[in-house]
Amino acid sequence: MKKLFSEFSIKNVKIKNRICVPPMVVGFSPDGYVAPENVERYKKLAQGGAGLIIQEATCINADGRLSSKQLGIWEDGQIEGLKTIVDTVHKENCAIFIQIHHAGVVGISEAPLCPSAYEYKNPLKTVVGREMTIEDIKSIQNDYIKAARRAYEAGYDGIELHGCHGYLISQFLNKRVNKRTDAYGKNPENFVTEILEGIRKVTPEEFVVGIRLGGFEPTVEDGLHHAKVLKANGIDFLDISYGFFNELEMNAPEGYKFSNAVYAAEEIKKEVSVPIFAVDGIYSAENAEDILTETNVDLVDIGRGFLINPNWANDAKESKDTGKCLKCAKCMWFSQSKVCAGKVVFERNNK
Ligand SMILES: Cc1cc2nc3c(=O)[nH]c(=O)nc-3n(C[C@H](O)[C@H](O)[C@H](O)COP(=O)(O)O)c2cc1C
């Protein structure tokens with residue numbers, strides 16, 4: 001596990017190993033403010049030995065929420081609670097970024113926004129997003145910028161823009177969703193690069209600003225193009241995942257050894273020289289090490305692995321059982337974390 005437990009840095013942020021806990025909304029906040037359960041959760045994750053935690057998708061405005069229990073960073077009053085999470089994680093010698101998020105058409109808003117009037121079919125109903133005016137665009141970009149300033153004030157080591165999984169930035173970047181004919185349709189990355197430019201004006205140069213980007217948005221060629229444009233505009237890292245789930249065209253070669261998302265990360269790493277994170281289905285230390293050495297990505301995200309076993313990294317270092325996700329049709333952590341079958345099996349085997 002030579003590479004997995006080697007140090008890494010992004011700007012001035014020292015990361016003690018290559019293990020990142022990616023953002024995962026688990027849902028405790030009744031009002032967007034940090035609850036004691038949030039702090040407890042991040043304390044446990046930090047004690048589990050990861051080098052970096054990216055805090056769950058935290059909303060830049062209340063109307064852009066994905067769930068009513070989501071954490072928020074839309075007003076200054078929220079900074080104090082967020083600072084508690086940061087201080088708790090730092091005490092455990094772990095770096096922390098925060099993912100900042102707006103759900104766009106896939107959120108819980110009664111009148112959701114979208115780059116263009118996209119019809120989104122969720123399991124309960126069909127929603128049509130209202131096409132954003134230029135004023136809407138400027139206002140939401142400003143919300144991202146203000147959220148980033150609050151994140152800096154709360155003491156985070158950096159931020160991650162949530163730019164994938166079908167949320168607002170992903171809706172801009174995916175040409176099957178964004179049908180605008182203006183500059184935000186012709187060069188959809190403008191939506192993000194203008195946010196980035198605004199963030200640089202309100203935070204110091206050394207503050208890390210990265211993005212979680214769809215490697216397939218809808219194809220890997222698009223993902224690679226977006227990555228190149230963002231690199232040219234000074235992005236500090238790229239965390240490569242899936243794009244807009246309903247609109248993907250995944251084209252990893254048949255028989256590719258790792259997941260589609262890892263393939264996209266590998267392809268982007270070949271051509272874009274910024275730190276790259278890879279994710280999806282990485283549960284064992286051996287698999288994590290193989291991905292790091294064979295694809296040349298810089299960090300691995302271990303998501304459900306840490307939900308099943310918050311001590312994942314320490315256990316991996318000691319060659320212990322790290323647990324196994326049983327890949328339920330719908331991950332129970334979205335609703336009833338207490339019945340996660342992988343966690344039950346892991347705890348039974350490791351009493
Ligand atoms: C309960 C849960 C919540 C999640 N919330 C987020 C989120 O807030 N932001 C995000 O970018 N991805 C989110 N994800 C996706 C994970 O970060 C990760 O990409 C995904 O679980 C695949 O990695 P894994 O196979 O290691 O679990 C979530 C996943 C789960 C299971």
Side-chain angles (χ1 to χ4, degrees), residues 18-29 32 38 41-42 45 48 50 52-60 64-67 69-73 85 96-104 106-108 159-170 173 210-217 237-245 248 258-265 277-285 287-288 291 297 299-310 312-313 316 322-343 346:
R18 306 304 184 98
I19 301 166
C20 170
V21 182
M24 287 179 287
V25 172
V26 171
F28 294 115
S29 171
N38 298 113
R41 172 168 177 242
Y42 285 103
L45 288 173
L52 173 67
I53 291 173
I54 305 181
Q55 182 178 309
E56 66 204 81
T58 304
C59 227
I60 59 153
R65 280 175 299 168
L66 145 79
S67 118
K69 292 194 178 155
Q70 201 177 345
L71 283 173
I73 187 162
I85 294 182
I96 180 163
F97 297 162
I98 180 171
Q99 186 181 60
I100 61 172
H101 169 253
H102 189 295
V106 307
I108 55 172
I159 60 162
E160 175 177 88
L161 299 167
H162 197 332
C164 59
H165 301 170
Y167 299 115
L168 188 65
I169 293 177
S170 176
L173 295 178
I211 187 167
R212 198 164 212 207
L213 197 64
F216 303 91
E217 196 72 285
F237 71 87
L238 297 167
D239 182 4
I240 303 300
S241 185
Y242 295 105
F244 197 116
F245 280 112
L248 298 185
F258 308 115
S259 71
N260 283 312
V262 173
Y263 170 73
F277 303 12
V279 71
D280 194 30
I282 312 171
Y283 303 122
S284 73
N287 186 223
I291 288 172
V297 298
L299 264 85
V300 282
D301 289 338
I302 313 291
R304 286 164 292 180
F306 267 93
L307 294 180
I308 290 163
N309 173 14
W312 193 95
T322 49
K324 199 168 187 302
C325 172
L326 300 179
K327 299 192 181 153
C328 302
K330 186 168 178 1
C331 176
M332 297 311 275
W333 286 86
F334 287 109
S335 50
Q336 304 179 57
S337 52
K338 290 194 173 63
V339 296
C340 165
K343 190 170 178 68
F346 174 73

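Both ligands and their constituent atoms are indexed starting at 1 by order of listing. Residues take their numbers from the sequence shown, with the count starting at 1.
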Could you tell me whether some N/O pair between [X] and ligand 1 is separated by less than 3.5 angstrom?
X      : answer
Val26  : no
Gln99  : yes
Gly281 : yes
Gly303 : yes
Val25  : yes
Glu160 : no
Cys164 : no
Arg304 : yes

How long is the span from the [atom1] atom in [X] to the [atom2] atom in [Y], to the nearest 0.5 Å?
X      : Y      : atom1 : atom2 : value
Ile98  : Leu161 : CD1   : CG    : 11.5 Å
Cys164 : Ile240 : SG    : CD1   : 8.5 Å
Ser170 : His102 : OG    : NE2   : 14.0 Å
Ile19  : Leu299 : CD1   : CG    : 9.0 Å
His162 : Ile60  : NE2   : CD1   : 12.0 Å

**Asked** Should Lys343 and Met332 count as side-chain neighbours, where that means a heavy-atom distance under 4.5 Å?
**Response** no
**Min side-chain heavy-atom separation Asp301-Cys20 under 4.5 Å** =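 When only atoms from C-beta onward are counted, Cys20 and Asp301 do touch, with a gap below 4.5 Å.
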**Short side-chain donor-acceptor distance under 3.5 Å, Tyr242 and Asp280** =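 Side chains of Asp280 and Tyr242: pair found under 3.5 Å.
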**Asked** Checking side chain to side chain donor-acceptor pair (under 3.5 Å) against Tyr283, which of Lys324, Lys327, Arg304 comes through?
**Response** Arg304
**Prompt:** Measuring to protein heavy atoms, does anything land under 4.0 Å from atom 20 (C) of ligand 1?
**Reply:** no
**Request:** Measure Cys331 to ligand 1 on non-hydrogen atoms and call it side chain, backbone, both or neither using the 4.0 Å cut-off.
**Result:**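 Near ligand 1, Cys331 shows its side chain, while the N, CA, C and O stay back.
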**Request:** With heavy atoms under 4.0 Å as the rule, classify the contact between Val279 and ligand 1 as side chain, backbone, both or neither.
**Result:** side chain
**Aromatic ring pairing Phe97/Phe237, orientation class (parallel under 30°, perpendicular over 60°, tilted between)** = parallel
**Message:** Would Val279 and Arg212 count as a side chain to side chain contact (heavy atoms under 4.5 Å, CB included) here? Give the steps.
**Reply:** CA-CA 11 Å; Val279 71; Arg212 198 164 212 207; 3.5 Å; yes
For [atom], what's the nearest protein heavy atom and its distance?
atom                    : result
atom 13 (C) of ligand 1 : Pro23 O, 3.0 Å
atom 28 (C) of ligand 1 : Met24 CG, 3.8 Å
atom 10 (C) of ligand 1 : Arg212 NH1, 3.2 Å

**Asked** Is the closest heavy atom of Tyr283 to ligand 1 under 4.0 Å?
**Response**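 Tyr283: in contact with ligand 1 (<4.0 Å).
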**Message:** Less than 4.0 Å is my threshold; does some heavy atom of Gly305 fall inside it relative to ligand 1?
**Reply:**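 Not so, Gly305 does not reach ligand 1.
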Ligand 1 atoms in contact with [X] (distance to a heavy atom under 4.0 Å):
X      : value
Pro22  : 17 (O)
Ala57  : 8 (O)
His162 : 9 (N), 10 (C), 11 (O)

**Request:** Using the side chain to side chain contact (heavy atoms under 4.5 Å, CB included) rule, take Phe277 and Leu52 through it: C-alpha gap first, then chi angles, then the decisive distance, then the call.
**Result:** CA-CA 11 Å; Phe277 303 12; Leu52 173 67; 3.8 Å; yes
**Message:** Could you work out, for atom 30 (C) of ligand 1, the closest of Phe334, Phe277, Trp333, Tyr167 by heavy-atom distance?
**Reply:**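 Ranked by closest heavy atom to atom 30 (C) of ligand 1, first place is Phe334.
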